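Working notes, structure below.
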Number of protein chains: 2
Amino acid sequence: MAASAPKIEARGGENRREALLDAAAAMFAAKGYDGTSIRDIAGAVGMLPGSLYYHFKSKEDLLIAVYRKGVARFEAAIDEALETTGGDPWQAIEAACAAHLSILLDGGDYARIVNPEFVRSFPGEMLPTLNAERDRYERHFEKLIAALPLPPETDRWLFKVALFGSLNWSQTWYRKGRYTPGDIAGAFIGMLRQKGA
Amino acid sequence: MAASAPKIEARGGENRREALLDAAAAMFAAKGYDGTSIRDIAGAVGMLPGSLYYHFKSKEDLLIAVYRKGVARFEAAIDEALETTGGDPWQAIEAACAAHLSILLDGGDYARIVNPEFVRSFPGEMLPTLNAERDRYERHFEKLIAALPLPPETDRWLFKVALFGSLNWSQTWYRKGRYTPGDIAGAFIGMLRQKGA
DNA sequence: GAGGCTACCAAACAAGTGTTTGCTATGGCA
DNA sequence: TGCCATAGCAAACACTTGTTTGGTAGCCTC
């Protein structure tokens with residue numbers, strides 16, 4: 001991104017763009033990409049539809065920007081979680097899962113956009129771009145799983161997708177109150193952790 | 001395709017309705033509900049857009065019909081799987097999971113529609129109707145899980161959503177060839193099955 | 001105080017949307 | 001033969017969609 005001018009944000013410069021991103025994230029999450037119109041988004045921040053095109057060159061461009069911000073939140077959360085965790089691999093992956101869940105469940109609207117099942121409804125040409133972004137994030141978890149003391153017959157790739165499935169599925173049933181992200185992460189890891197190890 | 005029946009089937013009674021359902025399922029699965037137009041669906045079976053309204057009274061009505069057919073497939077598959085399974089609870093749930101996966105992964109386009117993450121993009125008023133349909137299906141699994149000899153501290157509800165997450169997530173990574181639905185079901189159940197029990 | 005840049009308005013554009021309406025060709029039944 | 005339900009055509013309806021274009025008020029610099 002071009003960031004060479006340090007003063008120009010004096011008047012609603014970057015704020016308006018950010019407001020549009022927030023509104024777009026909220027409405028995409030609520031009604032889907034196709035279900036949300038430029039007029040909806042612009043209207044939510046008190047703008048006319050045409051004015052949005054000053055900040056984003058197309059609706060797809062806006063979506064990509066929202067998506068990037070979503071992935072960045074996940075990455076920041078597990079980076080922070082892993083910094084404060086000791087060497088025990090089970091503890092490390094549980095912390096990463098808890099961080100993942102905290103963004104997924106309480107991280108606002110941006111997190112919803114990142115869900116691959118959500119992404120499937122997007123215009124096809126942008127799919128490779130978005131998936132590459134996501135793959136990079138998942139690699140953090142692959143490393144953590146590689147360090148786990150699992151029974152030798154365990155397929156670690158299947159382990160990853162099983163874990164990811166459990167985690168991401170929580171979006172469909174989670175309601176605030178009953179369980180915290182930490183509870184869920186602990187329970188899931190507990191189920192997957194063989195008693196002998 | 002039409003080897004022995006040349007043109008006469010252009011006016012088939014129930015066949016045309018079924019053809020519309022198939023086309024709708026395929027296009028909903030590929031491009032989403034909003035991304036698919038009545039013209040697309042009607043055109044796919046060689047009909048004009050208005051003619052579709054003879055068979056379905058609205059686009060939402062068509063979607064509900066597709067969804068119902070999707071859920072019915074899942075139910076038929078696990079009903080059949082459970083009939084031929086012995087009394088061992090772990091064996092029973094593994095069979096149910098394998099049946100669920102075989103529909104989810106190789107069951108064609110109808111299966112995709114049932115995914116809740118997909119359903120979230122549907123018009124809001126129909127959500128309760130669709131979810132009730134799905135809850136009924138999930139209850140089969142709740143019964144199977146209730147019969148499992150799990151450690152006493154295990155939250156069986158979290159066990160269910162963890163398992164369901166792993167299973168349904170497979171839609172996002174599965175490609176034909178490497179694993180069969182049976183392989184995946186066996187591996188997932190194996191991971192969740194504590195060695196001591 | 002002239003020029004230029006930022007951020008936006010106002011209005012239109014062509015294309016596509018779900019749906020309704022009136023009509024018609026077909027085939028079975030009395 | 002006449003009747004009637006079936007299954008679909010043809011054309012329009014009112015509306016929404018993403019996007020473009022031309023203009024302009026306010027600020028900053030020279």
Side-chain angles (χ1 to χ4, degrees), chain A residues 1-25 27-28 30-67 113 121-126, chain B residues 2 5-25 27-28 30-67 121-126:
Chain A
M1 317 281 183
S4 53
K7 302 183 179 177
I8 309 186
E9 53 179 300
R11 251 191 83 91
E14 202 68 6
N15 291 359
R16 302 296 286 157
R17 192 189 141 96
E18 219 63 18
L20 282 171
L21 280 173
D22 287 350
M27 314 197 74
F28 286 162
K31 312 195 304 175
Y33 177 73
D34 285 311
T36 303
S37 75
I38 293 286
R39 281 163 181 82
D40 291 338
I41 300 169
V45 306
M47 236 183 228
L48 291 184
S51 309
L52 185 145
Y53 286 80
Y54 175 78
H55 298 275
F56 302 93
K57 80 177 209 296
S58 72
K59 192 186 179 188
E60 296 196 5
D61 202 50
L62 171 57
L63 172 60
I64 290 181
V66 171
Y67 187 90
I113 314 298
S121 75
F122 295 168
E125 330 99 43
M126 57 170 57
Chain B
K7 268 196 169 182
I8 313 179
E9 58 168 286
R11 251 179 212 273
E14 199 68 5
N15 291 0
R16 303 298 288 158
R17 191 189 141 99
E18 219 63 17
L20 282 171
L21 280 174
D22 288 350
M27 312 197 73
F28 286 164
K31 313 196 303 177
Y33 177 73
D34 286 309
T36 303
S37 76
I38 293 286
R39 284 164 181 80
D40 291 338
I41 299 168
V45 305
M47 237 183 226
L48 290 183
S51 309
L52 185 145
Y53 285 82
Y54 174 78
H55 299 277
F56 302 93
K57 76 178 211 296
S58 70
K59 192 187 179 187
E60 298 196 3
D61 202 49
L62 172 56
L63 172 61
I64 290 181
V66 170
Y67 187 91
S121 74
F122 296 167
E125 328 100 43
M126 57 170 56

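Values below: all heavy atoms of this structure, side chains included; hydrogens, waters and symmetry mates excluded. Keep in mind it's a predicted model, so treat the numbers as computed, not measured. So that the names make sense, note that chain A is the first sequence line, chain B the second, and so on, each numbered from 1.
With rounding to whole Å, A:Asn15 atom CG is found 15 Å from C:dC8 atom C1'. Look at CZ on A:Arg16: it is 9 Å from C1' on C:dC8, rounded to the nearest Å. Between the P atom of C:dA7 and the CG atom of A:Leu20 lies a distance of 12 Å, rounded to the nearest Å. For the pair B:Ile41 CD1 and C:dT17 C1', the computed distance is 12 Å after rounding to whole Å. Taking atom CZ of A:Arg17 as the reference point, atom P of C:dC8 lies 12 Å away to the nearest angstrom.
A close approach under 4.0 Å does not occur between any side-chain nitrogen or oxygen of A:Tyr54 and OP1 or OP2 of C:dC8. Residue A:His55 places at least one side-chain N or O under 4.0 Å from the OP1 or OP2 atom of C:dC8.
When side chains are defined from C-beta on, A:Tyr33 does not count as touching B:Asp34, because their heavy atoms never get closer than 4.5 Å. Using a 4.5 Å cut-off on side-chain heavy atoms (C-beta onward), A:Arg17 and A:Leu20 make no contact. The closest side-chain heavy-atom distance from A:Ile113 to A:Leu63 is below 4.5 Å.
A distance of 6.5 Å separates CG in A:Leu52 from CD1 in A:Ile41, rounded to the nearest 0.5 Å.
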_Contact letters for nucleotides 11-23 of chain D, in which S counts primed atoms plus P, OP1 and OP2 and B counts the base, heavy atoms under 4.0 Å_ = -B----BBBB---
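When every heavy atom of A:Ala19 is checked against every heavy atom of A:Val45, the shortest pair comes out as O-CG1, 3.6 Å. Heavy-atom minimum distance, B:Thr36 versus B:Lys59: O-NZ, 2.7 Å.
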